[in-house]
Amino acid sequence: MELTIVKTENPKTMPPESELGFGKYFTDHMLVVEWSAEQGWYDAKILPFGRIDLHPASTVLHYGAEIFEGLKAYRRADGGVQLFRPMENVKRMNRSAERMSLPTMDEGEMLSLIEQFVRLEERFVPHSFGTSLYLRPFLFGNDECLGVHAVHRATFMLIASPSGSYYKEGINPVGIMIENEDVRTVRGGTGYAKCGGNYAASTRAGERAAKKGYSQVLWLDGVERKYIEEVGAMNVMFKIGGKIITPKLTGSILPGITRMSCIEVLKKEGYEVEERLFSLEELVSALENGALEEAWGTGTAAVVSPIGKLAIGDKEYVVGGGAIGETTKKLYDILTGIQWGKREDTYGWVYPL
Ligand code: PLP
Ligand code: COI
């Protein structure tokens, strides 16, 4: 795809790395590619970062035709820049697009656009360990008509945000509340797709948890409200009797790239990993009899996030003495070591630019 680049005339100053936070600052440019049912993908350009113009009837504003991805560009210890399994994000973007009747893009083409954009914005990849340039590709329908149907026009965009750690707690254990009112998604729904609506529908529960002093909620399945699915916007893993249990991908769970990578690392490190239905009942019994050794969330933004407290109704349990468990720490060290280029990548996951 031919890419036109219009450079900004007002380059920004990079904020101090200690003040980055998550998703607050943006780089100098944004990538925009248009699509129409007649023309396919056309008019790929990198423009100065700025506001976008939308017709008030645009599909995305009324019917939520929107999907996104999240991946990071990491500053390696040797000063270079690399991505982590970016093709997995590209593939998931296309799976999400397919679910939402949005257009897919050739995988190589999408990866090449991401790569060209990151090269242009290289100076915004921060240098401190744990910081990164968070990349946010997204795609939305913009038919200028209120009819409900698959879109005829869409826009793919990529913006980037130099970021610090996602949780203000960093790698410290967080408190989690079991959510038994709202559900995130249901099988047959959009759980496996990274569409904006899933997140809009999940913030109410997150806010309720925050009011009670918890960082996030633990989602139960939407059909029986019996099985554990995810934690906030992360996948979840439990260590019981030395074994690792993680909910299997039933269609309502987002297939996390960090989840997939953790499973591979855990197996290589000699752990037994079970991907299966895991009920709340089983979790409560493991909490009651002290068998739950560790629990953690996995996701690109926070990498690995230990769960230190779990609240079920009025009852609060402390997990693993409220400290970071041995397996959680090991996973964090191995994954971040590979991502930030401090440790040899024996898996073939990194994608140097
Ligand atoms: N689950 C949800 C709902 C998410 O939004 C994310 C984040 O992308 C994840 C899990 C973790 O996925 P990944 O490890 O690919 O970032
Ligand atoms: C993750 O990367 O783990 C996320 O869930 C990203 C979030 C900002 C949607």
Side-chain angles (χ1 to χ4, degrees), residues 20-26 66-74 83-96 99 114 130-138 159-171 174 176 179 182-187 189-203 205-206 215-222 228-237 246-266 275 296-307 331-332 334-336 338-339 349:
L20 288 173
F22 179 83
K24 291 193 296 183
Y25 301 101
F26 296 93
E66 192 267 355
I67 59 161
F68 66 97
E69 266 305 323
L71 68 161
K72 290 170 167 177
Y74 305 84
L83 307 177
F84 181 74
R85 312 189 79 176
M87 196 45 129
E88 296 299 333
N89 294 92
V90 165
K91 287 182 180 162
R92 190 170 63 191
M93 184 91 179
N94 276 340
R95 290 198 302 269
S96 300
R99 177 64 184 85
I114 295 172
T131 65
S132 59
L133 181 63
Y134 183 78
L135 307 174
R136 171 55 61 86
F138 58 110
I159 54 175
S161 170
S163 292
S165 59
Y166 185 70
Y167 284 118
K168 58 179 185 311
E169 294 94 334
I171 170 90
V174 295
I176 300 294
E179 172 60 36
D182 293 352
V183 296
R184 199 183 76 92
T185 63
V186 292
R187 264 157 267 167
T190 55
Y192 70 88
K194 222 166 148 60
C195 61
N198 287 348
Y199 299 79
S202 72
T203 45
S215 295
Q216 264 309 340
V217 299
L218 194 66
W219 297 106
L220 298 180
D221 78 275
I228 311 279
E229 300 234 305
E230 302 202 48
V231 57
M234 302 180 93
N235 296 113
V236 66
M237 299 187 172
T246 190
K248 72 170 182 182
L249 303 175
T250 51
S252 48
I253 293 174
L254 190 85
I257 295 154
T258 319
R259 174 188 182 277
M260 188 200 304
S261 309
C262 283
I263 292 173
E264 268 189 69
V265 168
L266 286 164
E275 290 181 67
W296 63 89
T298 70
T300 299
V303 193
V304 171
S305 180
I307 298 175
L331 272 177
Y332 181 82
I334 294 178
L335 282 178
T336 58
I338 294 173
Q339 289 166 334
W349 287 340

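Counting starts at 1 for both ligands and their atoms, following the listed order. Everything quoted here is computed from the prediction, not taken from an experiment. Values reported hereafter were calculated over all heavy atoms of this structure, with side chains retained and with hydrogens, waters and symmetry mates removed.
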**Study point:** Note: Arg259-Glu230 ion pair, threshold 4.0 Å (strictly below)
**Key:**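 Answer for the salt bridge query: no.
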Check your understanding: Is it true that Glu229 and Arg184 make a salt bridge, defined as a side-chain N closer than 4.0 Å to a carboxylate O?
Key ->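 Salt bridge: no.
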Check your understanding: Taking all atoms of both residues into account, what is the closest heavy-atom pair of Val183 and Leu220, and its distance?
Key ->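 Of all heavy-atom pairs spanning Val183 and Leu220, the closest is CG1-O, 4.1 Å.
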Show me the short polar-atom pairs for ligand 1: any N or O of it lying under 3.5 Å from a protein N or O, with distances only.
| residue | atom | partner | partner atom | Å |
| --- | --- | --- | --- | --- |
| ligand 1 | 1 (N) | Glu230 | OE1 | 2.5 |
| ligand 1 | 5 (O) | Lys194 | NZ | 2.9 |
| ligand 1 | 5 (O) | Tyr199 | OH | 2.4 |
| ligand 1 | 8 (O) | Lys194 | NZ | 2.6 |
| ligand 1 | 14 (O) | Ile257 | N | 3.2 |
| ligand 1 | 14 (O) | Thr258 | N | 2.8 |
| ligand 1 | 14 (O) | Thr258 | OG1 | 2.6 |
| ligand 1 | 15 (O) | Arg92 | NH1 | 2.8 |
| ligand 1 | 15 (O) | Arg92 | NH2 | 3.1 |
| ligand 1 | 15 (O) | Ile257 | N | 2.7 |
| ligand 1 | 16 (O) | Thr300 | N | 2.9 |
| ligand 1 | 16 (O) | Thr300 | OG1 | 2.5 |

Considering the heavy atoms of [X], write down every atom of ligand 2 situated less than 4.0 Å from one of them.
X	answer
Ala301	1 (C), 2 (O), 3 (O)
Tyr134	6 (C)
Thr300	1 (C), 2 (O), 3 (O)
Gly299	3 (O)
Ala233	3 (O), 4 (C), 5 (O)

Point to revise | Set of residues satisfying ring-ring contact (aromatic ring centres under 6.0 Å, His included) with respect to Phe26, sequence neighbours excluded | key: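 If we apply the ring-ring contact (aromatic ring centres under 6.0 Å, His included) test to Phe26, skipping adjacent residues, the hits are Phe49.
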Review point. Leu71 pairs by side chain to side chain contact (heavy atoms under 4.5 Å, CB included) with which of Val90, Ile257, Leu135?
Key: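 Result for side chain to side chain contact (heavy atoms under 4.5 Å, CB included) with Leu71: Leu135.
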Point to revise | Sequence-distant partners of Glu179, salt bridge (Lys or Arg N to Asp or Glu O under 4.0 Å), two or more places apart | key: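 Partners of Glu179 by the salt bridge (Lys or Arg N to Asp or Glu O under 4.0 Å) criterion, ordered by chain and then number, come out as Arg208.
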Point to revise | Contacts of Arg187 that satisfy salt bridge (Lys or Arg N to Asp or Glu O under 4.0 Å) - sequence neighbours left out | key: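 Residues passing salt bridge (Lys or Arg N to Asp or Glu O under 4.0 Å) with Arg187: Asp221.
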Review point. Do other residues, nucleotides or ligands put more than 12 heavy atoms under 6.0 Å from Lys24 NZ?
Key: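 Buried by this count: over 12 neighbours within 6.0 Å.
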